[in-house]
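Scope of the values below: all heavy atoms of this structure, side chains included, with no hydrogens, waters or symmetry mates. In what follows, chains carry the letters A, B, and so on, assigned in the order in which the sequence lines appear, proteins first and then strands, with residues in each chain numbered from 1.
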Number of protein chains: 2
Amino acid sequence: MSSTGIGSRTSTEGDDERPLRRDAELNRQRIIEAAREVFAERGLAATFDEVAHRAGVGIGTVYRRFPTKEALLAVAFEERLREHARMAEEALAAPTGWEALVHFLRQAAGMHAEDRGLRDLALGASAELGFSPHERIRDSVEPIMRRIIERAHEEGSLRADVTVEDIPLLLMMVSEVAHHSHAVRPEAYHRYLQLLIDGLRRSSKSGNLGAPMTPDDVEAMARQWLPTTLPRR
Amino acid sequence: MSSTGIGSRTSTEGDDERPLRRDAELNRQRIIEAAREVFAERGLAATFDEVAHRAGVGIGTVYRRFPTKEALLAVAFEERLREHARMAEEALAAPTGWEALVHFLRQAAGMHAEDRGLRDLALGASAELGFSPHERIRDSVEPIMRRIIERAHEEGSLRADVTVEDIPLLLMMVSEVAHHSHAVRPEAYHRYLQLLIDGLRRSSKSGNLGAPMTPDDVEAMARQWLPTTLPRR
DNA sequence: TCCGAAGCGGAGGACATACCTCAACTTATG
DNA sequence: CATAAGTTGAGGTATGTCCTCCGCTTCGGA
């Protein structure tokens, strides 16, 4: 609801654009706000028509301001993506690797449950759109995950056969539950995340996990699993 | 590939139909075979056009033989559904409840990974189509799952806070992985199923699962998660 | 106050996908 | 070989998304 801090797009670009007319700037903010809501609810697959309708403007206006979906996403998600990265670093500060891991998983799952668009970006197709100042999110979060996993392995708290590549997959499974249970039992995903967390804990009797995923495997799965922002063409 | 045992639809119905012409019966078998393949690959969302094309017949022929999707599904999946139920009973025969549970989960996950249509039917919308002799699949498998869970709880091998309602959810998560990894790493889902299984095992340190799912919750999630066979109307 | 540039809206064209029908044609079989 | 049974696939209906374009409205500087 609070429409503060949306950031009128002054400077930050090649920038030879004159400032928008007052009414136009207002509409722009409305569009951004609407985009956040719509993408949060329906994921990146949401359409421009939905955003326009929610913002109470014509479709043409949305297109005029954001000629491509990427342009809109970049602005709408800038802040959320930063939060996501910040959260990961926070997790790293936990006293033990295990706590860091659990904290990260729970936070990420929570964020992805609340904002389906963020999930799509964080786990998926973000590769395809060059995000403004920051690189694509996976590049910023992945090294952190890697360090967390390493620490947990050193402690011996995390079962040895788990790798960083598993993390995105776990989050996809959980966010899938979150998404489909949202209307009925929005917290349902906690349950299955906890089950997975308990499965990750080192224990005397745990089964064989088989060959680990490679980064390419994960990439391919994400591409197939999550919506591809860009319309085919 | 073997096209044996498809069962020409003699008797078994109100039945006043005369036998099909030889060429028609052949086409019918082709269609059923094609339907099995297509539904296995693409799930219940597959279209009549796909089936027709795969069978090498015109769309009109498919419609003539199977006026509704349900009619086609009923025939195409009769055997697979029976297998599914048989498998569940087999699991029940395991020496311990825990082994029964693990066996059931692995078998079900495997079947759902191989046949996406079966998954859709087993976990989802089967409610909507009244399946020929057998009731909808969930009704036949659910009591078995329930007994397995009970036994495992009595033994104390399964953590106490897990319920039957969790089983379909676990299978959905896993089959989602199976589906999206199919082209790259078809066995990937084993890994995540194992993680879940290890999370299900009773252990000194396992986290709090929160409120269990109710049958209605599961119903609602399944409805939202899995394709609704029937076109809207 | 006024007017030109900036902005707006949303009908509608282009395209894709799915469902399902039907009239013209082909084929098995008594 | 006559005829009922069967086949075909183009095309009508419906739905949904993308995106453009042009007539109209509004802002804001002169």
Side-chain angles (χ1 to χ4, degrees), chain A residues 8-10 16-35 38-39 41-73 117 120 125 128-129 227-233, chain B residues 8-10 16-35 38-39 41-73 117 120 125 128-129 227-233:
Chain A
S8 59
R9 91 228 177 306
T10 32
D16 40 352
E17 306 130 17
R18 50 172 48 74
L20 292 177
R21 235 166 63 176
R22 192 138 65 244
D23 56 341
E25 180 60 32
L26 181 64
N27 276 338
R28 187 167 172 278
Q29 302 304 336
R30 281 216 196 97
I31 291 167
I32 295 170
E33 194 58 37
V38 169
F39 288 130
E41 284 165 25
R42 330 257 298 183
L44 299 193
T47 67
F48 269 39
D49 301 64
E50 268 177 289
V51 173
H53 183 255
R54 175 86 57 121
V57 305
I59 314 150
T61 305
V62 179
Y63 276 102
R64 160 175 277 261
R65 221 42 80 200
F66 303 97
T68 67
K69 209 174 201 176
E70 295 84 77
L72 179 52
L73 289 175
D120 292 349
E128 337 220 344
L129 24 109
T228 303
T229 317
L230 325 164
R232 71 270 155 269
R233 167 173 302 196
Chain B
S8 60
R9 91 225 179 308
T10 31
D16 41 352
E17 304 129 20
R18 50 172 48 72
L20 293 176
R21 236 165 63 175
R22 191 139 67 245
D23 56 341
E25 180 59 34
L26 181 64
N27 277 339
R28 187 167 171 278
Q29 301 304 335
R30 281 217 195 97
I31 290 168
I32 295 170
E33 194 58 38
V38 169
F39 288 129
E41 284 166 26
R42 330 256 298 183
L44 298 192
T47 68
F48 270 40
D49 301 64
E50 267 178 290
V51 173
H53 182 256
R54 176 86 58 120
V57 305
I59 314 152
T61 305
V62 180
Y63 276 102
R64 158 174 277 262
R65 222 41 81 200
F66 303 97
T68 68
K69 210 174 201 176
E70 294 83 79
L72 179 52
L73 289 175
D120 292 350
E128 338 222 341
L129 24 109
T228 303
T229 317
L230 325 164
R232 71 272 153 268
R233 166 174 302 196

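- Residue A:H53 contributes atom NE2, which lies 14 Å from atom P of D:dT17 at whole-angstrom precision.
- For the pair B:Y63 OH and D:dT13 C1', the computed distance is 13 Å after rounding to whole Å.
- Per the geometry, CZ belonging to B:F48 stands 11 Å off P belonging to C:dT21, to the nearest Å.
- With contacts defined as side-chain heavy-atom distances shorter than 4.5 Å, the pair A:R28/A:L20 qualifies.
- Judged as a side-chain contact (heavy atoms from CB on, under 4.5 Å), and not counting sequence neighbours, the contacts of B:D23 are B:R21.
- Atom CD in A:E70 sits roughly 12 Å away from atom P in D:dC18 (whole-Å rounding).
- A donor-acceptor pair under 3.5 Å links the side-chain atoms of A:E50 to the main chain of A:T47, judged by distance alone.
- With rounding to whole Å, B:R42 atom CZ is found 12 Å from C:dT17 atom C1'.
- Under the rule for a side-chain contact (heavy atoms from CB on, under 4.5 Å), the partners of A:L72 that lie at least two apart in sequence or sit in another chain are A:I31, A:A35, A:F39, A:F48, A:V51, A:F66.
- Spacing between atom CZ of B:R22 and atom P of D:dT7 amounts to 14 Å, rounded to whole angstrom units.
- The CZ atom of A:R18 sits 13 Å away from the C1' atom of D:dG29 (whole-angstrom rounding).
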Protein heavy-atom contacts under 4.0 Å, written 5' to 3' over nucleotides 7-13 of chain C as B (base), S (sugar-phosphate only) or - (none), form the string BSSB---
Could you go through the side chain to side chain donor-acceptor pair (under 3.5 Å) check for B:E33 and B:Q29 one step at a time?
CA-CA 6 Å; B:E33 194 58 38; B:Q29 301 304 335; over 6 Å; no
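- The stretch residues 52-63 of chain B participates, sequence neighbours left out, in these salt bridge (charged side-chain N to carboxylate O under 4.0 Å, His left out) pairs: B:E37-B:R54, B:E41-B:R54.
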